[in-house]
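Chain letters run A, B, ... following the sequence lines, proteins first, then strands; residues in each count from 1. For clarity, every value in this text was computed on a predicted model and none was experimentally measured. Heavy atoms only: backbone and side chains are in, while hydrogens, waters and symmetry mates are out.
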Amino acid sequence: MLDKYYEHELVEKDVYESWEKDKDFVSQANQPNSEPFCIVIPPPNVTGTLHMGHALNNTLQDILIRFQRMQGKDVLWQPGMDHAGIATEMVVERELAKNNIKKSDLSRDEFVKKVWEWKDVSGGQILNQLKRLGASCNWDRERFTFDEGLSEAVRYVFIELFNQGLIYRDKRLSNWDPKLKTTISDLEVIQKEIKGNLWYIEYDIENSDEKIIVATTRPETMLGDTGIAVHPDDDRYKNLIGKNAILPLVNKSIKIVADEYAKSDQGSGAVKITPAHDFNDYEVGKRNKLEIINIFDEDACLNKNVPEKYQGLDRYDARQIIIEDLTEIGKLIKIEENLHTVPYGDRSDVVIEPLLTDQWFVDAEKLAAQAIKKVKEKETNFIPKNWEKTYYEWMENIQPWCISRQLLWGHQIPVWYGPDRKPFAANSYEDALNLAKNHYGKNVNIEQDTDVLDTWFSSALWPFSTLGWPEKTVEFDKYYPTSVLVTGFDIIFFWVARMMMMALHFTETIPFKDVYVHALVRDEKGQKMSKSKGNVIDPIVLMDQYGADSLRMTLCSMAAQGRDIKLSAQRVEGYRNFITKIWNAIKYFEINDCHHSNTNLEKCKNDFNIWILKQLVQCENETKKALETYRFNEAANTLYKFTWNIFCDWYIELSKTILSEPSHDDKIETQNVASYVLNNIMIMLHPIMPFITEHLWKEIDFINQNNSKKIIHSEWPKIIETDKDDNGNVNKLIEIISSIRSTRSELNVPPKAMVEICYDDNQSGLNEIFNKYSTALSSIAKIKSVQDFKGPRSEGDIQIIHENETFFLKLFNIIDFKEESIRLKKNLSKVSSEIEKIRIKLDSKNFIENAPEDIIQEQKDRLDEYLSSKLKIEDAIKSFSS
RNA sequence: GGGCACGUAGCUCAGUGGUAGAGCAUCACGUUGACAUCGUGGGGGUUGUUGGUUCGAUCCCAACCGUGCCCACCA
């Protein structure tokens, strides 16, 4: 016997352990022709812990994986983790700081060793959390972006791109993170709106009494100014073009140039140019051949290129002092408040400084062409489709990708420099040495580049590097290109786009056929969850409280395409109740000794059984279609409604009339059908709710129809279609029972009071229902008996109209007739207003002339039905008032 | 500035060119046989506004208002 309640804590642990023990996640599809289905997991950071985004992302993947496994496909869900360069380095630095160790105290090798030590002890916590969620990954194939095989792929790709000229070293302005002391890519820069000031500074014109005023949001950068730009058509400044201004505090002469970049209506119309520290100024500087002076060191403190007084100052301290100094010499003309955006590092959250440095770049523009083309040609499809536009937008305006990072934890750039700094890209020191020897014609000393690659460089190879590429492997042949990538929209640029580019360049095929882009999980008020706001809902806490299946079902049912998910615990509770409902339903069938024997379900005779089997077919069709088209919410809702509102609310209730009787053919048939339907509900629910379904499958043998396989390996149902038909009787019965219940409730008939029905038995539709289902009417609608009725209606006969037939509840002495009068009037007004609406439609010439015939007929039929009801209601009202 | 979503019941959200739905909340009634983590019934809507297309629009189109996000720029 099942326990009173489902104890998810114990069950989930047991079930998962048994899956792992029996290697149930390894595909058991052994047929040589079984179709492959493969998903590569978006590798979580090795530092990560499960948040709601992961929970959603992996729930959806697991649903697809389990669903396809049940379809008999050869399934691989490739798991693994990302070494997450910056994130991990920051975590380990923090750990070291607890022991008063600084990163700079350690050598490169020592630091990397510390990171590995940290990883072995504290890394990868998230994988266990994914297991709690039920993720059925092929864990024995777990990969790490820092594994030797994947590192090999990274080196291979780098060297190839280098040799093809698609990776190059360049000195240009890059985003410099002064806290992490590394460059970062454009994508890692976040623009924030900041309230600042606009300072107006006056410069003297050389050899003249004239002045020029510039406006700036960053006065400290003036120390690196090498020019002033004005618009060529700006009459105010035309006479100054070509002259020199004296840079205050530095007392240096800088050139005034004409450049269209200067906008007359902004600031003072004259803009100071700091080519080394601003992307626009850099371009202006190049156009006008201005000197480039770098005034910052790697901490964003002022360096030796500024007057001694300011050397070594932090940029913001310098700003303060410069403002004071300018004020003192009377050169600060005015200060305006100014709202402007400032670039911040996404990891460090400090202001990014554009800095002129040597870095490695990928020529993304060249790689993007194919990546755009393959989506346009629909080889790869985004779902929902609107993300394709975002993808094109970015791809078509793609900038060179800065891939070098001045960090320690990452793939060290496989480049060695000769004595003249000539770079040799090679797989190893020895290979590089040979290249150098060939080049120089003698043995030379070479030194490896100390930078590492952007984490996303290795992630970009993930779909094929995890399958063993560049080696030729069985897995690569079988599973690549992968079937679908499931990811959040926030990493379309970071990851999806780059995988497309790398895959097409190196494997000459798309990396995945579909990209399912899911939404963000927000809190119940629609706020983005964040630690600082304190509104984070921890999926682990929800799983502790309600179980993993409840959380999965919640996420699945809310994963409608194109909308963010606002999650609340209350919703999860609702789906926990759904699980309880299933639990109790199964207890009922267990008590009633339901089991499956070899009865031919096709030959079912009982209407209830025929009906539920037809409903099941419909449910299966809809669920399957929904999952095949990534409509997760529709799948969840279809199953929920079928299980609760059809199977439990009606089939179970109707079956009670049969199962409570002594054994007879109908009973045996019902026991069979009930177990068959439950069996299929369990299978269809399994992808969404794997734990409870696997548990019940094992515990209850009438669900697991003598099948020794676990549910995880069950085949998706092929529902038996009955050749009989109930002629719509059961649906009609349900409608009639609902009408009776509604009437009883409105008239305050005591719930347990048994009442009589009388009706004119010339109404053949009602006749069949009342004769055939008297037991059901009795138990569910509390109908004592049904009588023919020919003569005039007697007092207390309450009319109920179903379609165009009428029957009466005999409620004399039971009800208050005032209530009935109210009920009738309410019904009359409802019917009248419907009639009015339809009449307007049918009276319209346009409608009659233009609408299709079947729509017109439908409206006419509805009108007839309502008119007949109206007469009957009016009749009843009349009889009451008399 | 460019782009993309979204506006439907008190809340969270589905959905559809022809009768607008669910969950939660709310109200009434109901517990000795699957289930109070429940059942039955009720109330609750000018589908953001204004136009257009159409016989017919909540759905398609346009504009507007409001909300959220992405990209770019900002002296």
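Residue A/T580 places its side chain closer to B/rU37 than to any other of B/rU37, B/rA34, B/rG18. Distance from the side chain of A/Q859 is smallest to B/rG18 among B/rA34, B/rG18, B/rG41. The side chain of A/K841 approaches B/rG18 more closely than any other nucleotide in the set B/rU31, B/rU37, B/rG18. Comparing B/rU40, B/rA34, B/rG18 by their nearest atom to the side chain of A/C648 picks out B/rA34. Counting only heavy atoms from C-beta on, A/Y5 has its side chain closest to B/rU37 among B/rA36, B/rU37, B/rA14. Side-chain atoms of A/K566 lie closest to B/rC13 of the nucleotides B/rG18, B/rC13, B/rU40. Here B/rC55 is the nucleotide among B/rG41, B/rC55, B/rA75 with the atom lying nearest to any side-chain atom of A/N846.
A/H277 NE2 to A/R315 CZ: the interatomic distance, rounded to the nearest 0.5 Å, is 11.0 Å. Atoms CG and CD, from A/D234 and A/E260 in turn, are 12.0 Å apart once rounded to the nearest 0.5 Å.
Under 3.5 Å, the side chains of A/Y588 and A/S655 contain a donor-acceptor pair of N or O atoms. Between A/H802 and A/E735, the side chains place a donor N or O and an acceptor N or O closer than 3.5 Å (distance only, hydrogens not considered). For the residue pair A/Y344/A/Q191, the side-chain donor-acceptor check at 3.5 Å is not satisfied.
Separation of the P atoms belonging to B/rG15 and B/rA72 is 32 Å when rounded to the nearest angstrom. Rounded to whole Å, the separation between the C1' atoms of B/rG17 and B/rG56 comes to 8 Å. A gap of 28 Å separates the P atoms of B/rA20 and B/rA5, to the nearest Å. Nucleotides B/rA75 and B/rC6 place their P atoms 35 Å apart, quoted to the nearest Å. If you take atom C1' in B/rU46 and the same atom in B/rG7, they sit 16 Å apart, rounded to whole Å.
Residue A/N338 is in sugar-phosphate contact alone, with no base atom involved, counting any heavy-atom pair closer than 4.0 Å across all strands shown. Counting any heavy atom pair closer than 4.0 Å across all strands shown, A/R862 reaches a base atom. Here A/P384 lies out of heavy-atom contact (under 4.0 Å) with every strand. Nucleic acid contact class of A/K263 (heavy atoms, under 4.0 Å, all strands): base. Looking at heavy-atom distances under 4.0 Å, A/L198 makes contact with sugar-phosphate atoms alone, never a base. Residue-level contact check: A/K4 touches the backbone only, with heavy atoms under 4.0 Å from sugar-phosphate atoms and none from bases. The residue A/A851 sits close to a base: some heavy atom pair falls under 4.0 Å. A/K656 comes within 4.0 angstrom of a nucleotide base, judged by non-hydrogen atoms across all strands. At a threshold of 4.0 angstrom between heavy atoms, the contacts of A/A262 include nucleobase atoms, whether or not backbone atoms are also involved. A/Y261 comes within contact range of at least one nucleobase, with a heavy-atom separation under 4.0 Å.
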Using the salt bridge (Lys or Arg N to Asp or Glu O under 4.0 Å) rule, take A/K587 and A/E590 through it: C-alpha gap first, then chi angles, then the decisive distance, then the call.
CA-CA 5 Å; A/K587 258 172 30 190; A/E590 195 181 27; over 6 Å; no

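Atom OH in A/Y575 sits about 13 Å away from atom P in B/rC13, given to the nearest Å. Here the P atom of nucleotide B/rG56 and the CD1 atom of A/I838 are 18 Å apart, to the nearest Å. Put simply, CD1 on A/I335 is 17 Å from P on B/rA75, counting in whole angstrom units. Rounding to whole angstrom units, CD1 of residue A/I740 and P of B/rG41 are separated by 12 Å. Atom C1' of nucleotide B/rG18 and atom CD1 of A/I840 are separated by 15 Å, given to the nearest angstrom. Atom-to-atom, CG of A/N850 to C1' of B/rG17 comes out at 14 Å; the value is rounded to the nearest Å. Protein atom CG of A/L654 is 15 Å distant from nucleotide atom C1' of B/rA34, rounded to whole Å. The interatomic distance linking A/L678 (CG) with B/rA34 (P) rounds to 14 Å, in whole Å.
Stem regions annotated for RNA chain B: B:1-7 with B:65-71, B:10-13 with B:21-24, B:26-30 with B:38-42, B:48-52 with B:60-64, counting only runs of 3 or more consecutive pairs of Watson-Crick or G-U type with both contacts under 3.5 Å.
Here the side chain of A/H8 pairs no donor or acceptor atom with the backbone of A/Y6 at under 3.5 angstrom. Checked by atom type and distance alone, the side chain of A/R576 never pairs as donor or acceptor with a backbone atom of A/S550 at under 3.5 Å.
Judged by atom type and distance alone, A/R576 reaches the base of B/rU37 through a side-chain donor-acceptor pair under 3.5 Å. Under 3.5 Å, the side chain of A/E653 and the base of B/rA34 form at least one donor-acceptor pair of N or O atoms.
Between A/G488 and A/V517, the shortest heavy-atom contact is C-CG1, 4.2 Å.
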Letter by letter from the 5' end, nucleotides 3-9 of chain B scores (B base, S sugar-phosphate only, - none; protein heavy atoms under 4.0 Å) SSSSS--

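Contacts classified as salt bridge (charged side-chain N to carboxylate O under 4.0 Å, His left out) and involving residues 211-228 of chain A (residues at least two apart or in different chains) are given here: A/D204-A/K211, A/R218-A/E220, A/R218-A/E353, A/E220-A/R319, A/D225-A/K272. Residues in residues 843-866 of chain A take part in these salt bridge (charged side-chain N to carboxylate O under 4.0 Å, His left out) pairs, two or more places apart or across chains: A/E834-A/R862.
Toward the 5' end of RNA chain B, the nearer of the two residues A/A229 and A/S738, judged by each one's closest nucleotide, is A/S738.
Salt-bridge annotation for A/E820 and A/R823: present, with a side-chain N of the basic residue lying under 4.0 Å from a carboxylate O of the acidic one. Comment: A/E653 engages A/K656 in a salt bridge, judged by a side-chain N to carboxylate O separation of less than 4.0 angstrom. A/E202 and A/K331 are joined by a salt bridge, as a carboxylate oxygen and a charged side-chain nitrogen come within less than 4.0 angstrom of each other. Comment: A/K263 does not engage A/D265 in a salt bridge, judged by the lack of any side-chain N to carboxylate O separation of less than 4.0 angstrom.
Here A/K581 reaches the OP1 or OP2 of B/rG39: one of its side-chain N or O atoms lies under 4.0 Å away. OP1 and OP2 of B/rC35 both lie 4.0 Å or more from every side-chain N or O belonging to A/K587.
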Write out a two-atom table: protein N or O, nucleotide N or O from nucleotides 42-45 of chain B, distance below 3.5 Å.
from: B/rG42; atom 1: OP1; to: A/S742; atom 2: OG; distance (Å): 3.4

Tabulated below should be each protein N or O lying under 3.5 Å from an N or O of nucleotides 21-24 of chain B; please produce it.
from: B/rC24; atom 1: O2'; to: A/Q570; atom 2: OE1; distance (Å): 2.8
from: B/rC24; atom 1: O2'; to: A/Q570; atom 2: NE2; distance (Å): 3.0

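With ring centers used as reference points, A/F382 lies under 6.0 Å from A/Y391. Outside the 6.0 Å centre-distance limit, the rings of A/W583 and A/Y5 are not counted as a close aromatic pair. In this structure, the ring of A/Y575 has its center less than 6.0 angstrom from the ring center of A/Y640.
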